Novice: 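Please find one structure pasted underneath; my questions will follow.
We use all heavy atoms of the structure for the numbers below, so side chains are in, but hydrogens, waters and symmetry mates are not. Throughout, protein chains are lettered first and strands after them, A, B, ... in sequence-line order, and every chain is numbered starting at 1. A quick note: this is a predicted structure, and the numbers were derived from the prediction, not measured.
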Amino acid sequence: MSEPVKVLGERRAFAPLLTVEGLQVRYGAIQALRGVSLQVGKGEMVALIGANGAGKTSTLRAVSGMLKASAGRITLEGKDTTSLKAHQLVPRGMAHAPEGRGIFPNLTVVENLELGAYLRKDTAQVLQDMEKGFTLFPVLKERRRQLAGTLSGGEQQMLAIARALLSKPQLLLLDEPSLGLAPQVTETIFRTLREVNATGVSVLLVEQNAHLALNAAHYGYVLETGEVVMAGPGKALLDSPEVRRAYLGE
Amino acid sequence: MSQLLQHLINGLASGTIYALVALGYTMVYGVLKLINFAHGDVMMVGVYMGYASAFALGREAQRSLWGVVVIFAVAMGGCALLGFLIERFAYRPLREKPRLTALITAIGISFALSYGFQLDVSFDGPFDFSIAGRRGGSFDFHFDRLVLLPGASPRAFPEIIAPTEWFILGDRDVVLWNWQVISLLIAVSLMVALQFLVYRTRFGKAMRAVSWDHRTAALMGIPTDRIISLTFMLSSALAAGAGLLYAIKDTSVTPLMGLYVGLKAFVAAVIGGIGNVPGAVVGALLLGLVEEFVVGYAASTWRDAVAFGFLILVLLVKPGGLFGRVAAEKV
Ligand SMILES: Nc1ncnc2c1ncn2[C@@H]1O[C@H](COP(=O)(O)OP(=O)(O)OP(=O)(O)O)[C@@H](O)[C@H]1O
Ligand SMILES: [Mg+2]
């Protein structure tokens, strides 16, 4: 049914964490994903790139339980999570910072962060982790009592990431964290992501900015009209002529 | 002057009752963006539950403090269950359908309740049963007839709080009744508790998150279905409490009272800005006062016309209601 995936180069060995096999998603009559397979290892940062409408957001939504898969299998640490709902995946270590940030503008910055830790019972540790988030993004501390809706776009993105981290995830799903941000802010956010990833948190990153994403990631997948067409280590993809032509505008 | 004071007291007393019902509209609208047209009818069912339990308790017990507590508990608990069932089986299956579908369903439930209760369904007894007390004694009940649906004719709500003039100013110019004070106290404490719940607790935070976007709220690990269920139960219980206070004041109970009181409370919620908790309270108090002054200084026939005129006026000046923001419809 689908073309074979073109694989460039060797993948570094990570213990498996997330495995997606033959994932299909449909919106009514529209088939958005036609059998996507991918893996994310423990401590690995994986980038998912592709043109508008390729199905990147749909993939993340199905993985985090926001969308029901119409076919395929998703496993987290060997356990089948295909039919679990979003709120059931959070206690299993899933955090999803959705497309468009998904902050709660009617709540304050601190309340948004507290919601990130909604299921955690270790209150003292949550406060410490919140301080850690404030060290990563000091501007959030200044704005802590403000309604999140009054933050700038970049600040909202920082809040979305800080909030996702407060659930103590083992897998962080990020949908276009650089969208609409100044290069400097994007820089800060990616530096933070690498730091977080270095502490052992796995990341599945969706980006329009393929250069940025592939540079940061250990491994990458290229999605085209609902199918994975190419995969390989970040650097290998960056060097491939197809990727350079299609996604780096060369 | 004393006349003004009297109207102020009466207006606030009925305004607080509207407020409790209006809060239900606003909370449900907050989490689901649904105008729950059945809300007033749930209140009516609560009043009948209270009526039935007052009847079961008998003349003596229904006037005692514990009797009143039992009546409120049965009505509020029963309505919480009813609210839960309506959400679970009527609204939840339609959650992802266009909003109009749920709205029409709500109107359907409203009519089913208000007209269903006008049917006469009863069984001839006698029925006897007793509940064993803890210290050997027992509560014995005897009924000649078991009424399942009460029928259309109005019924007189029993005087579970015997009216007493508590405070009189001047030459009987200003009268403050005990039930006015009690209902004011109950209504205000329920509102304060609700305000605390919504803005100071983990549940309230989850509710506000669901209210913004239930899909994103689920990503925080919030069990959104449970939050929505609890919101319905809470708002239905509040409505039952308000309905009883209204019945104590008005004494006449009919299956159509839910449509009437519900519509007024809905108007109050819209005046305040639907979805806004303090807005519902302020809108309801204003509406209560406006109605009272119209009745006091003009004529009671003008009351409803002025109430709706007031609504239109507010919406002309502030389309989102007094406390509401006008937001573009989220897609
Ligand atoms: N709610 C929806 N209803 C109908 N079709 C949808 C819906 N969401 C996405 N689609 C369709 O599914 C396909 C994949 O969309 P998706 O949002 O996953 O793409 P994407 O790769 O994230 O794109 P972008 O880079 O623009 O964010 C598109 O063709 C899109 O039009
Ligand atoms: Mg997308």
Side-chain angles (χ1 to χ4, degrees), chain A residues 27-28 57 60-61 63-68 84-121 123 126 147-149 156 159-160 162-169 171-175, chain B residues 26-27 29-33 92-93 95-98 101 195-231 273-280 320-321 323-331:
Chain A
Y27 301 97
T57 298
L60 292 194
R61 284 188 179 152
V63 167
S64 74
M66 284 179 98
L67 280 180
K68 229 191 252 159
L84 292 189
K85 302 220 173 88
H87 71 93
Q88 297 168 314
L89 282 161
V90 178
R92 288 160 204 256
M94 182 87 68
H96 181 179
E99 190 170 53
R101 305 179 185 111
I103 57 136
F104 299 107
N106 55 333
L107 271 64
T108 66
V109 169
V110 169
E111 284 176 327
N112 267 275
L113 292 171
E114 286 165 350
L115 280 177
Y118 184 76
L119 291 178
R120 286 176 62 182
K121 301 273 179 278
T123 325
V126 169
L147 285 183
Q156 291 187 9
L159 177 58
R163 187 183 66 181
L165 288 175
L166 268 169
S167 68
K168 277 205 152 173
L171 175 61
L172 181 59
L173 311 179
L174 290 170
D175 203 338
Chain B
T26 256
M27 280 195 297
Y29 185 83
V31 292
L32 277 189
K33 300 289 172 286
R92 192 177 300 177
R95 183 108 30 99
E96 304 301 325
K97 298 276 186 301
T101 319
Q195 188 75 8
F196 180 83
L197 184 81
V198 173
Y199 289 101
R200 290 279 176 277
T201 66
R202 181 168 176 264
F203 173 75
K205 219 184 298 158
M207 218 171 123
R208 284 180 287 144
V210 171
S211 138
W212 181 259
D213 178 0
H214 68 92
R215 285 179 197 85
T216 310
L219 292 181
M220 308 292 112
I222 296 171
T224 51
D225 282 343
R226 198 180 316 157
I227 300 287
I228 290 170
S229 283
L230 284 170
T231 304
I274 191 136
N276 184 296
V277 170
F323 285 63
R325 289 152 300 176
V326 184
E329 182 93 334
K330 260 199 304 168
V331 196

Novice: Going from CE on A/Met94 to CG on B/Leu219, what distance comes out if it is rounded to the nearest 0.5 angstrom?
Specialist: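 Between atom CE of A/Met94 and atom CG of B/Leu219 there are 10.0 Å.
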
Novice: Between OG1 of B/Thr224 and NZ of A/Lys85, what distance do you get to the nearest 0.5 Å?
Specialist: 8.0 Å

Novice: Search all heavy atoms of B/Arg208 against all heavy atoms of A/Leu107 and return the closest pair with its distance.
Specialist: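 Scanning both residues completely, I find the closest heavy atoms to be CB-CD1, 3.6 Å.
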
Novice: State whether the number of non-hydrogen atoms from other residues, nucleotides or ligands found under 6.0 Å of B/Arg202 atom CZ is greater than 12.
Specialist: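 Counting other residues, nucleotides and ligands, CZ of B/Arg202 exceeds 12 neighbours.
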
Novice: Can you find a pair of side-chain heavy atoms, one from A/Arg61 and one from B/Arg215, that are under 4.5 Å apart?
Specialist: no

Novice: Please give me the minimum heavy-atom distance between A/Phe104 and B/Ala209, naming the atom from each residue.
Specialist: CE2-O, 3.5 Å

Novice: Is there a donor-acceptor pair under 3.5 Å between the side chain of B/Asp213 and the backbone N or O of A/Gly102?
Specialist: no

Novice: Mind listing the closest non-hydrogen atom pair of A/Tyr118 and B/Gly221 along with its distance?
Specialist: CD2-O, 4.0 Å

Novice: Give, as side chain, backbone, both or neither, the part of A/Arg163 having an atom under 4.5 angstrom from any heavy atom of chain B.
Specialist: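 Side chain only.
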
Novice: Please classify the contact between A/Leu166 and chain B as side chain, backbone, both or neither, with a heavy-atom cut-off of under 4.5 Å.
Specialist: neither

Novice: Of all of A/Ala95, A/Pro105, A/Ser167, A/Ala86, which one pairs up most often with chain B through heavy atoms under 4.5 Å apart?
Specialist: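 Most heavy-atom pairs within the cutoff with chain B belong to A/Pro105.
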
Novice: Within this structure, what is the OG1-CG distance for the pair B/Thr216 and A/Leu115, rounded to the nearest 0.5 Å?
Specialist: 11.0 Å

